Amino acid sequence: MDRIRLVGGHELNGEIPISGAKNAALPLMIASLLTQEPLVLVNVPRLADVKQLERILENHGVDIAVHGRRRGDADMGGQRITFTASDIVDTTAPYELVSTMRASFWVIGPLLAREGTARVSLPGGCAIGTRPVDFYLEGLRALGAEIDIDEGYVVARAPGGRLKGATVTFPKVSVGATHVVMMAATLAQGTTIIENAAREPEVGNLAECLVAMGAKISGIGTDRLVIEGVETLGGAIHEVLPDRIETGTYAFAAAMTGGDVLLRGARPELLQAALDVLARTGVEVRTETDGVRIVRNGSGIDPVDIETEPFPGFPTDLQAQFMALMARSTGVSSIRETIFENRFMHVAELARFGARISVDGQTARVTGVPELKGAQVMATDLRASVSLVIAGLAARGETVVNRIYHLDRGFERLEDKLSRCGAQIERIAG
Ligand code: EPZ
């Protein structure tokens with residue numbers, strides 16, 4: 001299994017290009033199931049999760065054509081990929097494919113809306129919490145679907161072959177359930193209202209793509225989406241948003257090592273809460289025409305308390321990385337996780353660098369230390385893994401991060417991007 005070896009203590013200086021967002025690309029790719037016509041996505045990141053979803057879509061009959069340059073070229077630009085679902089050849093999403101990536105469960109929305117039937121494996125357990133699918137099923141039932149659970153599969157049928165518009169009120173904000181009910185409602189008969197919809201930018205990015213495909217959606221960007229169903233959707237060309245979690249991760253990394261880094265292509269409004277918190281730590285955060293600049297020259301890192309929240313609050317997907325930063329602060333900070341019940345798996349690994357963190361329920365208390373020391377570490381999920389990389393960048397001596405397949409799921413060319421800014425970091429194969 002590949003590992004990452006890095007030697008910490010080097011400032012980051014230069015530019016880091018921000019890739020297309022994984023969590024925007026995945027639902028956009030799934031939306032291609034809604035139409036016979038080609039959906040062209042621009043700025044798709046080169047990631048293991050994108051590859052895996054391509055396999056899942058191909059199983060349903062989607063033809064996939066990748067244009068432009070592939071990984072390994074000097075060009076850091078994203079991929080342009082055409083997805084054409086002329087015929088849906090299979091409405092089953094099998095366990096072997098769905099169990100490796102939770103987002104693949106989302107195919108249930110388009111399959112049910114277009115074909116009137118879907119059989120999708122329940123996603124497996126997950127390192128960050130139980131992550132049930134009750135909101136999805138209740139939402140689809142509200143649209144008239146009949147749903148059974150059979151041998152680990154969700155079997156859904158739309159009586160008469162078509163879903164019917166309805167009001168769906170989510171008890172808690174859910175990004176995935178909003179994606180699924182919104183996609184399903186585009187082809188339903190009548191109007192659907194989604195109350196307490198997720199406002200995450202990736203939901204807006206999907207909604208805009210659906211509109212380009214001919215869907216009628218209003219309230220985009222708010223917590224109340226109104227979707228008037230249409231008979232069919234057509235093709236479109238749509239751009240994937242820049243990745244706000246990648247942006248925040250590198251912003252925290254630069255804050256931690258010190259230096260001056262331009263995050264090229266980043267859009268600050270997609271992560272304003274996190275950038276505001278970063279500015280409160282004493283780091284300079286500057287919006288420029290072509291991105292966001294992060295500067296720290298020798299000053300200490302002030303402690304700041306945070307709580308994760310749905311958008312526009314501080315994102316749970318940056319909580320682990322912020323904890324790494326706070327491990328080097330000049331005081332005590334508290335970090336409360338409110339989205340997932342088990343998202344502190346990185347605490348024990350950060351402790352291996354000498355971080356002082358105690359956990360009480362959903363709150364971690366971090367006492368900053370003047371120096372972290374390199375260590376052998378291993379992580380359990382994508383964002384936790386990258387928190388260990390940024391801790392290692394600021395630690396004295398050598399760090400080896402094991403199980404980096406997690407990183408490859410969500411960070412494009414991580415070693416490349418960091419080493420171009422002066423980090424001493426390499427991948428060790430085997
Ligand atoms: C999306 O997951 C993201 N994944 C996650 O990023 C992100 O952490 C999360 O949203 C929150 O922002 C993708 O976009 C692919 P939710 P999702 O449904 O949609 C509970 C990463 O690292 N819930 O918004 O699965 C759930 O348990 C990943 O890129 C129910 O109770 O998250 C959680 O507590 C990790 N019942 C809360 O809602 C349901 O039916 C929010 O989860 C659905 C969700």
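We count residues from 1, following the sequence as given. Note that the structure is predicted; figures quoted are calculated from it, not measured. When a ligand or atom number is given, it counts from 1 through the structure's own listing order.
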Are Lys22 and Glu412 ion-paired here, with the side-chain N under 4.0 Å from a carboxylate O? no

Presence of salt bridge, Arg119 and Asp148, under 4.0 angstrom: no

Compute the shortest N/O to N/O distance between Pro132 and ligand 1 and return yes if it is under 3.5 Å, no if not. yes

Would you say Arg383 and ligand 1 have an N/O pair spaced under 3.5 Å apart? yes

Could you list which atoms of ligand 1 come closer than 4.0 Å to a heavy atom of Tyr136? 40 (O), 43 (C)

Please determine whether any non-hydrogen atom of Gly410 lies less than 4.0 Å from an atom of ligand 1. no

When only distance counts, is Ala177 in polar contact with ligand 1, meaning an N/O pair under 3.5 Å? no

Where's the contact between Trp106 and ligand 1, heavy-atom distance under 4.0 Å: side chain, backbone, both or neither? side chain

As a check for students: among Met101, Lys22, Lys172, identify the option with a heavy atom nearest to atom 38 (O) of ligand 1. Lys172

Using modelled atom types only, decide if a donor and an acceptor are shared between the side chain of Glu58 and the backbone of His60 within a distance under 3.5 Å. no

Quick one: which of Pro27, Ser174, Ala384 has a heavy atom closest to atom 44 (C) of ligand 1? Ser174

Going by distance only, is there an N or O of Phe135 that falls short of 3.5 Å from an N or O of ligand 1? yes

Of all pairs that satisfy ring pair (Phe, Tyr, Trp, His ring centres under 6.0 Å), the ones with a partner from residues 172-228, not counting sequence neighbours: Trp106-His179

Distance-only N or O hit between ligand 1 and Ala103, under 3.5 Å: no

Just by modelled atom types, is the Ile404 backbone N or O under 3.5 Å from a matching donor or acceptor in the Arg3 side chain? no

Pairs of nitrogen or oxygen atoms closer than 3.5 Å, one from Phe340 and one from ligand 1: do any exist? no

Which bit of Arg102 is near ligand 1, meaning a heavy atom under 4.0 Å away: side chain, backbone, both or neither? side chain

Side chain, backbone, both or neither: which part of Val173 has a heavy atom under 4.0 Å from ligand 1? backbone

Thr192 and Lys164: side chain donor to acceptor below 3.5 Å: no

Find all atoms of ligand 1 within a distance of less than 4.0 Å from any non-hydrogen atom belonging to Val133, and give their numbers and elements. 40 (O)

When you measure from the side chain of Arg336 to the backbone N and O of Ala364, does any donor-acceptor pair fall under 3.5 Å? no

Charged N to carboxylate O under 4.0 angstrom, Glu15 versus Arg420? no

Tell me which part of Asp317 gets within contact of ligand 1: side chain, backbone, both or neither, using heavy atoms under 4.0 Å. side chain

I'd like to know if the side chain of Glu195 pairs up with that of Thr169 as donor and acceptor (distance under 3.5 Å, no hydrogens or angles considered). no

Near Gly176 (heavy-atom distance under 4.0 Å), the atoms of ligand 1 are 18 (O), 19 (O)

Under 3.5 Å, is there a donor-acceptor pair between the side chain of Glu200 and the main chain of Phe311? yes

Return each pair, listed once, that meets ring pair (Phe, Tyr, Trp, His ring centres under 6.0 Å) where at least one residue sits in residues 24-56; pairs must be two or more places apart or across chains. none

Proximity of Thr316 to ligand 1 by residue part, where a heavy atom lies under 4.0 Å: side chain

Which bit of Arg343 gets closer than 4.0 Å to ligand 1, counting heavy atoms only: side chain, backbone, both or neither? side chain

